[in-house]
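Report on the following structure.
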Amino acid sequence: MSRLQVVSGKGGTGKTTVAAALALALATEGKRTLLIEVEGRQGIAQLFETEALPYEERKIAVAPGGGEVYALAIDPELALLDYLQMFYKLGSAGRALKKLGAIDFATTIAPGVRDVLLTGKACEAVRRKDKGGRFVYDFVVMDAPPTGRVTRFLNVNDEVAGLAKIGPIHNQAQAVMRVLKSPETAVHLVTLLEEMPVQETSDGIAELRAARLPVGEIIVNMVRPQVLDAADLELVREVPRTAVAQALSAAGLGGARRGGKAEQLVDPLLEQAAEYAERHALEHEQRSALGELGLPLRELPLLAEGMDLAGLYELATELRNQGMS
């Protein structure tokens with residue numbers, strides 16, 4: 001299992017939720033996981049029902065078996081201050097630059113540098129060891145930008161090539177890419193069984209492969225439960241309306257005669273069945289399209305009660321049961 005797990009996906013597919021559940025799953029049985037947010041939305045804090053995350057690593061959850069999940073919301077400005085202190089020992093001068101707005105200016109006009117700082121922080125956490133020589137974190141999970149931007153975000157070496165041919169920024173980018181393009185990293189894509197997310201997932205995988213970034217697995221989120229199997233769906237298409245009315249009547253739902261309560265329920269029920277059959281066919285088509293991409297496929301259920309902390313642990317259990325731990 002790769003130590004840096006990057007999670008991306010089309011907006012609205014629940015990639016932050018999946019990243020959080022994956023961090024919990026990986027922290028099972030005494031392991032320690034760092035969950036990193038890079039977009040400044042504080043989605044992780046909301047999921048774990050905690051206060052907004054600062055620019056520091058903070059324990060936010062305990063996984064089954066005593067493992068721990070830490071979280072970090074990376075602030076590009078503060079990351080740049082860290083960088084300036086690390087390589088140039090600016091100290092208070094760096095803080096003065098922040099007050100003058102120079103830090104924000106630098107990360108705005110040079111987004112490649114911004115991405116080096118964000119990905120560099122994650123890669124530093126992957127490589128970090130304690131005094132005994134052991135890794136501080138068993139796994140690092142990054143809630144990355146959406147699929148349409150993730151390849152450019154991760155391919156930081158190309159982004160800074162025109163900005164710095166040599167020097168600390170160049171060296172930092174090279175060090176980051178050594179981690180991101182190694183077996184230490186896996187980029188997972190979250191999708192739904194819908195045409196647009198599946199197409200964006202396919203395009204994203206092609207872009208990642210072209211950039212020689214390591215693609216991990218496809219995680220299908222919010223999968224609806226199967227209500228009718230193939231035989232039931234075929235029966236719905238063929239059964240006469242009168243037979244449905246008689247069955248409803250036999251179940252005590254009113255008389256089957258014309259205009260009776262059971263007879264009035266037939267059309268709405270058949271309409272619902274037809275809608276289900278259409279959605280079932282579309283989902284089957286999209287699942288087949290995902291299968292053709294040649295990657296492991298995991299599925300997470302749609303939680304009827306909505307997403308809360310208990311639901312997050314439920315999804316973590318699902319991922320663990322499916323081998324993602």
Side-chain angles (χ1 to χ4, degrees), residues 1-9 14-39 43-45 47-48 50 53 55-74 79 118-145 150 153-154 156 175-190 208 213-219 221 295-298 300 309 312-325:
M1 177 70 74
S2 300
R3 296 189 59 250
L4 175 57
Q5 306 274 314
V6 180
V7 180
S8 182
K15 71 175 180 65
T16 299
T17 299
V18 172
L22 179 58
L24 277 170
L26 291 171
T28 303
E29 302 303 330
K31 294 185 176 65
R32 178 181 288 184
T33 300
L34 176 63
L35 176 59
I36 293 178
E37 181 176 79
V38 298
E39 294 186 283
I44 291 171
L47 283 169
F48 284 94
T50 186
L53 297 174
Y55 181 57
E56 64 182 35
E57 294 158 22
R58 171 184 291 176
K59 186 167 76 171
I60 59 170
V62 176
E68 298 175 330
V69 176
Y70 285 72
L72 169 66
I74 304 179
L118 295 173
T119 54
K121 193 70 175 177
C123 291
E124 181 276 326
V126 170
R127 297 189 299 257
R128 193 189 311 161
K129 294 183 179 181
D130 60 20
K131 293 180 180 179
R134 297 185 56 183
F135 286 115
V136 172
Y137 294 106
D138 297 288
F139 298 100
V140 176
V141 178
M142 180 194 292
D143 177 22
V150 71
F153 172 77
L154 294 174
V156 293
V176 167
M177 292 314 300
R178 281 195 292 272
V179 175
L180 293 180
K181 290 192 174 184
S182 77
E184 282 190 288
T185 299
V187 185
H188 308 298
L189 296 182
V190 181
L208 288 165
L213 289 162
V215 186
E217 304 186 8
I218 298 171
I219 303 171
N221 195 23
L295 293 172
L297 198 64
R298 314 292 182 184
L300 293 175
L309 194 54
L312 199 59
Y313 276 85
E314 183 178 337
L315 293 183
T317 300
E318 286 284 342
L319 288 173
R320 197 165 60 249
N321 291 341
Q322 294 181 42
M324 292 194 74
S325 64

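What you see is a predicted model, and the numbers here were worked out from it, not measured in a lab.
- Here the shortest heavy-atom pairing between Arg127 and Phe135 reads O-CE2, 3.9 Å.
- Considering all non-hydrogen atoms of both residues, Leu180 and Leu213 come closest at O-CD2, 3.9 Å.
- Between the side chain of Ser8 and the backbone N or O of Pro145 there is at least one donor-acceptor pair closer than 3.5 Å.
- Shortest non-hydrogen contact noted between Glu217 and His188 is N-ND1, 3.0 Å.
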Original post:
Are Leu300 and Thr17 close enough, and set up right, to give a side chain to side chain contact (heavy atoms under 4.5 Å, CB included), and what steps lead you there?
Top reply: CA-CA 11 Å; Leu300 293 175; Thr17 299; over 6 Å; no

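- Of the residues listed (Leu35, Asp143, Leu315, Leu319), the one engaging Leu22 in a side chain to side chain contact (heavy atoms under 4.5 Å, CB included) is Leu319, and it is the only one.
- Summarising the geometry of Thr33 relative to Tyr137, their closest heavy-atom pair is C-CD2, 3.9 Å, with the distance given to 0.1 Å.
- Shown here for Ala21 and Ala316, the closest heavy-atom pair between the two residues is O-CB, 3.4 Å.
- The two residues Leu24 and Ala61 come nearest to each other via the heavy atoms CD2-CB, 4.0 Å.
- Counting only distance, with no hydrogens or angles, the side chain of Arg298 and the backbone of Gln322 share a donor-acceptor pair below 3.5 Å.
- Inter-residue side-chain proximity for Ile36 and Lys121 is flagged as unmet; no heavy-atom pair is nearer than 4.5 Å.
- With Glu37 contributing its side chain and Ile44 its backbone, the two residues share a donor-acceptor pair below 3.5 Å.
- Under the 4.5 Å side-chain criterion, counting only non-hydrogen atoms from C-beta, Ile74 is in contact with Tyr55.
- Just one residue in the list Val7, Leu208, Ile219 forms a side chain to side chain contact (heavy atoms under 4.5 Å, CB included) with Leu189, and that residue is Leu208.
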**OP:** In sequence, state the C-alpha distance, the side-chain angles, and the governing distance for Arg32 and Glu57, and then conclude on salt bridge (charged side-chain N to carboxylate O under 4.0 Å, His left out).
**Re:** CA-CA 12 Å; Arg32 178 181 288 184; Glu57 294 158 22; over 6 Å; no

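- Of the charged side-chain nitrogens involved, at least one lies within less than 4.0 Å of a carboxylate oxygen, so that Lys15 and Glu39 count as a salt-bridged pair.
- Atom CZ of Arg320 and atom OH of Tyr313 lie 10.5 Å apart (nearest 0.5 Å).
- With rounding to the nearest 0.5 angstrom, the SG atom of Cys123 is 6.5 Å from the CE atom of Met142.
- Remark: of the listed residues Val126, Val140, Leu4, Leu154, Leu4 is the sole one forming a side chain to side chain contact (heavy atoms under 4.5 Å, CB included) with Thr185.
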